[in-house]
Amino acid sequence: MASLVSTGFTLPCSKPENLHPLSHRNVVTAILRHRSQSCRKGFRRLRCNAVVGNGLFTQTKPEVRRIIPDEDPVLGLPRVKVVYVVLEAQYQSAISTAVRTLNADHLYASFEVVGYLVEELRDESTYGTFCEDLSDANIFIGSLIFVEELAAKVRAAVEKQRDRMDAVLVFPSMPEVMRLNKLGSFSMSQLGQSKSPFFQLFKRKKQGAGFAESMLKLVRTLPKVLKYLPSDKAQDARLYILSLQFWLGGSPENLQNFLKMIAGSYVPALKGTKVNYADPVLFLDSGIWHPMAPSMFDDAKEYLNWYGTRRDAKAKLKDPNAPVIGLVLQRSHIVTGDDAHYVAVIMELEARGAKVIPIFAGGLDFSGPAERYLINPINNNPFVHAVVSLTGFALVGGPARQDHPRAIEALMKLDVPYIVALPLVFQTTEEWLNSTLGLHPIQVALQVALPELDGGMEPIVFSGRDARTGKSHALHKRVEQLCTRAIKWAELKRKSKEEKKLAITVFSFPPDKGNVGTAAYLNVFSSIFSVLGDLKRDGYNVEGLPKTAESLVEDVIHDKEAKFSSPNLNVAYRMTVREYKSLTPYAAALEESWGKPPGNLNSDGEHLLVYGKQYGNVFIGVQPTFGYEGDPMRLLFSKSASPHHGFAAYYPSWKNFGADAVLHFGTHGSLEFMPGKQVGMSDVCFPDSLIGNIPNIYYYAANNPSEATIAKRRSYANTISYLTPPAENAGLYKGLKQLSELISSYQSLKDTGRGAQIVSSIVSTAKQCNLDKDVSLPEEGVELLPKERDLVVGKVYSKIMEIESRLLPCGLHVIGEPPSALEAVATLVNIAALDRPEDGIYSLPGILAETMGRNIEDVYRGSDKGILADVELLRLITEASRGAITTFVEKTANKKGQVVDVAEKLSSILGFGLIEPWVQYLSKTKFTRADREKLRTLFQFLGECLKLVVADNELGSLKQALDGSYVEPGPGGDPIRNPKVLPTGKNIHALDPQAIPTAAAMQSAKVVVDRLIERQRLDNSGKYPETIALVLWGTDNIKTYGESLAQVLWMIGVRPVADTFGRVNRVEPVELEELGRPRIDVVVNCSGVFRDLFINQMNLLDRAVKMVAELNEPMEQNYVRKHAMEQASELGVSVREAATRVFSNASGSYSSNVNLAVENSSWNDEKQLQEMYLSRKSFAFDCDAPGAGMMVKRKAFEMALSTADATFQNLDSSEISLTDVSHYFDSDPTNLVQSLRRDGKRPSAYIADTTTANAQVRTLGETVRLDARTKLLNPKWYEGMMASGYEGVREIEKRLTNTVGWSATSGQVDNWVYEEANSTFIKDEDMLKRLMDTNPNSFRKLVQTFLEASGRGYWETSEENLDKLRQLYSEVEDKIEGIER
């Protein structure tokens, strides 16, 4: 890692015979030590303790790197003091050896040296020592200083001493640190501004292969050219380049000569002394290295010839069918002698029968070496079956900038699984083992998130760092896990399809027979049937596969040995307790939570039961659930429990089956959410223990990259995206449709005598539709003036339009079924509704509004206010948009309505000389004068989007993964905001966590926050809210590039500041005059997923809030300060500590468990739900002690919540709304805040809806009503679900259960919602029969939920309705039990 990174510097290449050989230094000792460690058996479950000391991630001190020479009065040598700062400690040993050798020689000078790891400078006392050391230093050396806040510290300290010091050498770091360089007359103070070629190279933004080549040429030629130039400046520049060569050479010998050269040339005390130094010892820029080889290789054929003739190799390594693993190494670790961890991996792989090709590069562009040494140049086939990078970095680039397209290009040529393992960088081994967080957040950002953008997977920590010597050492258990998993992936490349065995895992959540096969937006069993049919055609053994998806469901969910239709699932395997203990070495660790095995979950009292069904070489298993869903006391625990014995038995049971891979089917299961470190797990973390060494392929919804990333990092999944169901407009039905017709009548007849009569009918019908809660309606019979009538109709019309145009996913997706032309229309309409200024694309509504001389934003605002003319204009714009796009799409469809031959048809449509179909359509509307150039640009973009929408590679990517091939990576998120999410079938990833919030996200956030505050003031007599309690979700922030994160910043009145590389690690306050309002206090509840993915942003938020609390401003203008001072006084702590506002779960735990309690009806009263929320969510993040992890601060949490005037959440995409998932009510503190407030007042509750271009802020009650009207009570939605059969009934039941959840946490569900739902699903006899016959288990839960809603006081209804429900419950129970009456 201490090699040159962002700039792509490499060293001059010479032929191997002219280079320094690196033979095997103590290799045999290293091998023997590693193998003896690996032989140790047993499994210890360690407890992770919070970091102590300074609360930072590392407690190491620079004293271990300090060398003070012995005084020798006889020789009287001048002393040269050197201070260095590096990213990691691999140079420590080489520098220390070099300095000790120099001091032992007693020539020229004695050297004092002290080194700092950049992370240590977070500690104020260490930073103070650093400044003291600089005050009398002769030479400063810095390398790889890329963390902005630490770079600022280094710059500030060095700048004060720069002019006094004899030499300042900074190798690739942030530009502001690079500008400190000073070597005689050579300086980089103008870096990025000078027009010289040297500086222009540093200034370039795009640092791809071209940059690396230019810099390589510079490094090769400059010393030779400059040597013959007479000026001092030229010689100083030459010595800088030589310094760079010495530094990258990294060996003690090179570093000795480096120090001699700089000291002899620039330290005044040595002026006139001839200090002899040798030229840099050169190593290959890139090549192949093996610890047993006599030298490095720069030719793959030579290496393979040597490998084939090795005398030390066992016979299996010479087997032509042995798996071959490519390894990617950093040259700096090799040349500095810090290579024990590399040796251990190589030896472990070879001991397990795998050949290795370990390649290296001097910089961090490994794409060229990967293509050069891992691909056969004759036939272009890879030499390897899998590649493991041991660098931790992205394939192209380092901490500063990456070139992911170049990396993907190289990896697609290799076409093998790509694993990126991690050496510990910022922590010692002990610090990592004791950390509940796991990896340092900066390392997560640089070495986990960024490689994922290349398609890297399995971030397994394989090496640690010794606190004293700084040297890397192998973590033998982790090395075993890494190597066995790599070989398993390689075996997929080598095995035939006929012999491969696949274990498919489906989920059942909440635990109920009617819920087997749960997955977001996915028809699981129809999808499995589709997948298995395709695999069968492809040559896989799927013997006995039923002929229909319905039969497949029956096979899995019914126990064929039972006499009647048993409530049990089909038992595929009965595991004895003895077998379980032999397969599960950590079984004893589970007894604290679950008692002795087999326990009572997934057990018959004697055996542990594995549910599922086998078809040839495919096993379909049902993943056990958490196990504590139905236990209210367990749900109150602040930290999540271990897996139960039944869960622990499920994954090892595949060893008997011989599974080559597992396919987790759909979003999402429980494995990745089991307790353990957040990222960078140890062998005692449950997800790591459970998945073992089996390759994990995971179908995940494309719109959920955050949880997919958790699965990727914690269960080592190759996540393959699937499409969410295409969105449609909700439309109108029943009374809402009648209202629409009445409004049309009013518009044509309002100026006649019938206007007043029609308005009266509109008001009456609106009340029947329960719209009086959303729209202020006059009393019936009240005389209205014409303008007042228009306003009433306008407001009702606006609400009707809002319902009609609401997007909803209809039905469930089936893997491998592309959308029809009609289904593509709604998606394209919504893509077209957004401006994309970065691409020069205008929204279609905006273009159409312009033809009427209007700005679309003004039309939106007018429509929201109920101005009738604007509502009508917006309707016309909406209809014209749909019509133009429908006409466009129809041109690409066949007679069956399928989109085919997209590319060919688009080229003819977009060809010149034809009248485009959208122009033809618009010529018949009011928008005939729309700007044709803007339309053409937009529809060219839509054409590209259409290709992506209908492209289908979900099955193809699965087969690629099963073949041991590389699956192309792609972003997850909302395809409407970011069409690059499509096509699905990509290895889904998130984003660079340090890149958010973006400037665009900040702009959007300001709009939403201003509207939120405006709405709150409107509802509360003009008063500003003093505190807003809100939620941050992982997926939302990925989709919107940090909009909700930016909202928090804008509430407290700060703005993010990006560094040179666009990373956001700093904020600054906005002046009160600019803000124009008080700073609003916040209570931020971060989801467990947000905490895992964005802990850097939690740090940023906490720093921001504390900074605002310490501003010297009037308390009536700074509510953060006001409340922090009050709480500091009450708690007896500092204002800074009292300003704790960023909370989440304990590390390794997720959710408040309120959702589990509601879904399983395992709660007594609302007070119990509130206690769950408080106990689970009161863990605070502290930017002053980030290494301590999440610390429980319940009192601070309660006090902060007690000041909240409003609660707030965001909806950001059409697929997910309030009642679609349980997460939203699980994180809702509305009723809790009321119980904590001293005045007992219920806070206002708001939801921001940014699912369309017209962002809205509604009350929670308004949003719940909108959700009910557009989904649960909407025939278009529930009939779409019923078309999906078994799974569809479950989806209907889930919406009702989630509605009860909102009643429980907020009290914001109107009685009529339950009443209408009862009329729709229970009173309608045909519907009732369809529900019961299709999925009796889910129907039973639906009936139970209605009864529960009544019993808990959320639904007042007639006794007749309740009697019918009780009777139904009894009937469906009998049906399930198989009892005839």
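Remark: Lys734 does not engage Glu1316 in a salt bridge, criterion side-chain N to carboxylate O under 4.0 Å. A salt bridge links Arg932 and Glu916; the closest N-O separation between the charged side-chain nitrogens and carboxylate oxygens is under 4.0 Å. For the pair Lys934 and Glu850, the salt-bridge criterion is met [side-chain N within less than 4.0 Å of a carboxylate O]. The residues Arg854 and Asp870 are annotated as salt-bridged, a charged nitrogen and a carboxylate oxygen being separated by less than 4.0 angstrom. Using a 4.0 Å cut-off between charged nitrogen and carboxylate oxygen, Glu857 and Arg861 count as a salt-bridge pair. The residues Arg1011 and Glu1014 are annotated as not salt-bridged, no charged nitrogen and carboxylate oxygen being separated by less than 4.0 angstrom. Electrostatic pairing of Arg1015 and Asp1019 counts as a salt bridge here, judged by a charged N lying under 4.0 Å from a carboxylate O. With respect to Glu1325 and Lys1364, a salt bridge is recorded, a charged nitrogen being found less than 4.0 Å from a carboxylate O. Ion pairing between Arg875 and Glu872 holds under the 4.0 Å rule for side-chain N and carboxylate O. With respect to the salt-bridge test (charged N to carboxylate O, under 4.0 angstrom), the residues Glu802 and Lys799 qualify.
Note that CD1 of Ile1247 and CG of Asn1210 are 8.0 Å apart. Values are rounded to the nearest 0.5 Å. Here Lys1271 contributes atom NZ and Ile1292 contributes atom CD1; the two are 13.0 Å apart, rounded to the nearest 0.5 Å. Expressed to the nearest 0.5 Å, how far OG1 of Thr1320 lies from CD of Glu1315 amounts to 10.5 Å. Between atom NZ of residue Lys773 and atom CD of residue Glu1262 there is a gap of 11.0 Å, rounded to the nearest 0.5 Å. Interatomic distance, Ile856 CD1 to Leu874 CG, rounded to the nearest 0.5 Å: 6.0 Å. In this structure, CG in Asp1228 is found 4.0 Å from OG1 in Thr1305, a value given to the nearest 0.5 Å.
Looking at Met1051 and Leu1012, their side chains come closer than 4.5 Å, going by heavy atoms from C-beta outward. Contact of the Pro778 side chain with the Glu788 side chain is not registered, since no non-hydrogen atoms from C-beta on lie closer than 4.5 Å. Leu982 has its side chain within reach of Leu723: a pair of non-hydrogen atoms, C-beta onward, lies under 4.5 Å apart. Residues Asn703 and Val981 fail the side-chain proximity criterion, which asks for heavy atoms closer than 4.5 Å. Side-chain contact check for Ser1217 versus Asp1220: some heavy-atom pair is nearer than 4.5 Å. With contacts defined as side-chain heavy-atom distances shorter than 4.5 Å, the pair Ile762/Tyr797 does not qualify. Residues Gln757 and Ser760 fail the side-chain proximity criterion, which asks for heavy atoms closer than 4.5 Å. Contact check for Thr878 versus Asn729: no side-chain heavy atoms found under the 4.5 Å cut-off.
Distance alone, capped at 3.5 Å, is enough to place a donor-acceptor pair between the Arg836 side chain and the Arg977 backbone. Formation of a donor-acceptor pair under 3.5 Å by the Asp1226 side chain with backbone atoms of Asn1155 is found in this model. The main-chain N or O of Leu1218 is found under 3.5 Å from a side-chain atom of Trp1302 such that the two form a donor-acceptor pair. Remark: side-chain polar atoms of Asp1212 are not paired, donor with acceptor, to backbone N or O of Lys1039 under 3.5 angstrom. Between the Ser745 side chain and the Glu741 main chain, a donor and an acceptor come within less than 3.5 Å of each other. Proximity of a side-chain donor or acceptor of Ser798 to a complementary backbone N or O of Gly794 within less than 3.5 Å is not detected. In terms of modelled atom types and a separation under 3.5 Å, the side chain of Ser863 and the main chain of Val859 share no donor-acceptor contact. Checked by atom type and distance alone, the side chain of Asn1231 pairs as donor or acceptor with a backbone atom of Ala1304 at under 3.5 Å. The backbone N or O of Glu1356 sits less than 3.5 Å from a side-chain atom of Asn1311, completing a donor-acceptor pair. In this structure, Thr925 contributes its side chain and Leu922 its backbone to a donor-acceptor pair below 3.5 Å.
Counting all heavy atoms, side chain and backbone alike, Ala832 lies closest to Pro845 at O-CD, 3.7 Å. Val1313 and Leu1273 get closest at one heavy-atom pair: O-CD2, 4.3 Å. The two residues Ala1253 and Tyr860 have their closest heavy-atom pair at CB-OH, 3.8 Å. Of all the heavy atoms in Leu812 and Pro725, the pair that sits closest is CA-CG, 3.9 Å. The two residues Glu1293 and Ser1338 have their closest heavy-atom pair at CG-O, 3.6 Å. Considering every non-hydrogen atom in both Ala1317 and Leu1272, the closest pair reads CB-CD2, 4.1 Å.
Across Trp1355, Tyr1314, Tyr1354, a single residue satisfies side chain to side chain donor-acceptor pair (under 3.5 Å) together with Ser1303, and that is Tyr1314. A side chain to side chain contact (heavy atoms under 4.5 Å, CB included) with Thr1345 holds for exactly one of Asn1298, Val1158, Leu1296; it is Leu1296. The side chain to side chain donor-acceptor pair (under 3.5 Å) test with Gln1256 is passed by exactly one of Thr1250, Thr1251, Asp864: Asp864.
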Stepwise ring-ring contact (aromatic ring centres under 6.0 Å, His included) check, Tyr1278 with Phe1321:
CA-CA 10 Å; Tyr1278 60 70; Phe1321 301 111; 5.3 Å; yes
Can you list the steps and then say if Ile831 with Phe941 is a side chain to side chain contact (heavy atoms under 4.5 Å, CB included)?
CA-CA 10 Å; Ile831 288 173; Phe941 172 69; 3.6 Å; yes
Kindly indicate, with the supporting measurements, whether the criterion side chain to side chain contact (heavy atoms under 4.5 Å, CB included) is fulfilled by Tyr521 and Ile1216.
CA-CA 10 Å; Tyr521 321 105; Ile1216 306 176; 2.5 Å; yes
Dump the intermediate steps for side chain to side chain contact (heavy atoms under 4.5 Å, CB included) on Arg1269 and Tyr733, then the final yes or no.
CA-CA 9 Å; Arg1269 289 180 177 120; Tyr733 56 94; 4.0 Å; yes
Are Asp790 and Tyr746 close enough, and set up right, to give a side-chain hydrogen bond (donor to acceptor under 3.5 Å, both in side chains), and what steps lead you there?
CA-CA 9 Å; Asp790 276 4; Tyr746 174 77; 2.6 Å; yes
Side chain to side chain contact (heavy atoms under 4.5 Å, CB included) between Tyr1024 and Ile1013: does it pass, once the steps are laid out?
CA-CA 7 Å; Tyr1024 281 104; Ile1013 293 171; 3.6 Å; yes
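Atom OH of Tyr842 is surrounded by 12 or fewer heavy atoms from other residues, nucleotides or ligands within 6.0 Å.
Side-chain contact, Asp1267 with Thr1219: a donor N or O sits under 3.5 Å from an acceptor N or O.
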